[in-house]
Amino acid sequence: MPVATIAGQEIHINDEGYLTEYDEWNEDVGQELAQNIGIDMTDDHWAVIRFLREDYKEKGETATTRRVDKVGGFPTKQQFQLFPKKPGKKMSYIAGLPKPHGCV
Amino acid sequence: MTIIPNFDDDDDDEGRKLAIICSKGNLDMAYPGLVLGNAALGEGVETHLFFTFWGFDMITKSRMHDLKFSPVGNTAMHLPMKDLRVPQALAPMPGMTGMATKKMKEQIADLGIPEVPEFLDQIVAAGGHLWACRMSADMQDLDETDLRDDVEGIINAADFMEMTKGAQLLFI
């Protein structure tokens, strides 16, 4: 398992670059991950990321875009605006979570 | 070492494009196109759904809430529990379609997957395009006012061919 230095910390990641340890993430790490993929974080971005972190803690799996809409209250359209083209993957990457597992 | 996932953000010029032809109006056959279309949009793929023949029911206001799943003619159908098959002789009995439809809707809802109209709402919100087939509209004597408001147009076969130039195609 590769180890990367992100925001000055040693972080475990998988072959694709997604974090593998929930507890190694903090918002400084999230900030750097966002920069890596060209996203400037605003309060709106952080609100989505915080929901994903909380939801994962509770459910043990990454919320799909549908769940982020229905449970988190962030409309699909907004998700595509904040995290263009591949919201599901980009959100989970920045949040330090695995890619969503569900189909919908 | 840092690994950054490749989200293919630079592929704009040669962007992937997908067209899905939805030709069936059964509840079970409505979903494959919706699931794949939704997944494609989530991967940044330009996605067009074209509704034709019985698939028209998915976008027709008066019918879209009432798609059915029938065990008739489906020899592969088994009951949700165990591996019990439904004998074909029983499949056309009164009430079977209603029962099968209800059960399937429950199973789909249990997975957190929306009903067909709401699923199409989500697809449109994600940037998907909905198109209706001219011949199907004419055959059923329907026009734009009978269809979901977000259907972008009733188009003919030639329009569809033109629009899907270079696209990958799925016929369902």
Side-chain angles (χ1 to χ4, degrees), chain A residues 1-20 29 32-39 55 59 61 63-71 74-81 83-94 96-104, chain B residues 1-18 20 27-28 30-47 49 104-105 107-130 149-150 170 172:
Chain A
M1 200 69 78
V3 177
T5 306
I6 301 171
Q9 303 167 62
E10 301 275 285
I11 307 273
H12 291 84
I13 56 176
N14 69 14
D15 300 343
E16 287 184 286
Y18 287 78
L19 269 60
T20 57
V29 171
E32 188 167 322
L33 295 173
Q35 274 167 16
N36 285 347
I37 58 170
I39 288 179
D55 191 65
K59 294 285 172 189
E61 61 180 84
T64 59
T65 51
R66 174 164 178 80
R67 188 170 167 83
V68 173
D69 179 331
K70 292 298 153 196
V71 180
F74 304 99
T76 302
K77 228 178 203 165
Q78 188 194 4
Q79 295 177 47
F80 273 85
Q81 280 157 3
F83 306 95
K85 289 189 172 181
K86 301 189 182 183
K89 286 185 176 169
K90 289 183 176 174
M91 294 186 299
S92 51
Y93 172 68
I94 296 169
L97 302 172
K99 286 187 278 193
H101 172 73
C103 278
V104 180
Chain B
M1 75 197 249
T2 300
I3 303 171
I4 298 170
N6 176 15
F7 291 118
D8 296 327
D9 277 345
D10 307 327
D11 278 2
D12 267 8
D13 295 340
E14 47 206 321
R16 189 171 161 192
K17 188 169 167 181
L18 176 68
I20 303 177
L27 184 65
D28 53 328
Y31 276 94
L34 298 176
V35 172
L36 293 170
N38 184 61
L41 288 160
E43 287 295 299
V45 178
E46 178 185 330
T47 302
L49 275 70
M104 179 169 280
K105 283 193 172 184
Q107 288 179 305
I108 289 169
D110 284 349
L111 293 176
I113 293 168
E115 297 217 8
V116 170
E118 197 192 334
F119 211 154
L120 284 168
D121 291 345
Q122 181 173 325
I123 283 173
V124 170
H129 303 278
L130 312 183
D149 297 335
D150 45 19
L170 266 178
I172 294 171

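What you see is a predicted model; the values in this text were computed from it and never measured.
Counting heavy atoms from C-beta on, the side chains of I6(A) and N36(A) never come closer than 4.5 Å. When side chains are defined from C-beta on, L34(B) counts as touching L49(B), because their heavy atoms get closer than 4.5 Å.
Using modelled atom types, no side-chain atom of Q79(A) and backbone atom of G88(A) make a donor-acceptor pair closer than 3.5 Å.
Proximity to chain A is absent for every atom of E46(B), based on heavy atoms less than 4.5 angstrom apart. Interface residue K70(A): only side-chain heavy atoms are found under 4.5 Å from chain B. If you measure heavy-atom distances from N14(A) to chain B, the contacts under 4.5 Å come from the backbone alone.
The number of heavy-atom neighbours closer than 6.0 Å to NZ of K105(B), taken from other residues, nucleotides and ligands shown, is above 12.
Highest contact tally toward chain B, considering only Q78(A), R66(A), E16(A), R67(A), is held by R66(A) [criterion: heavy-atom pairs under 4.5 Å]. Of the listed residues (V104(A), T64(A), I37(A)), the one with the most heavy-atom contacts under 4.5 Å to chain B is V104(A). Chain B forms the most heavy-atom pairs under 4.5 Å with one residue out of D69(A), D15(A), T65(A), and that residue is D15(A).
The distance from the CG atom of L97(A) to the CD1 atom of I94(A) is 11.0 Å, given to the nearest 0.5 Å.
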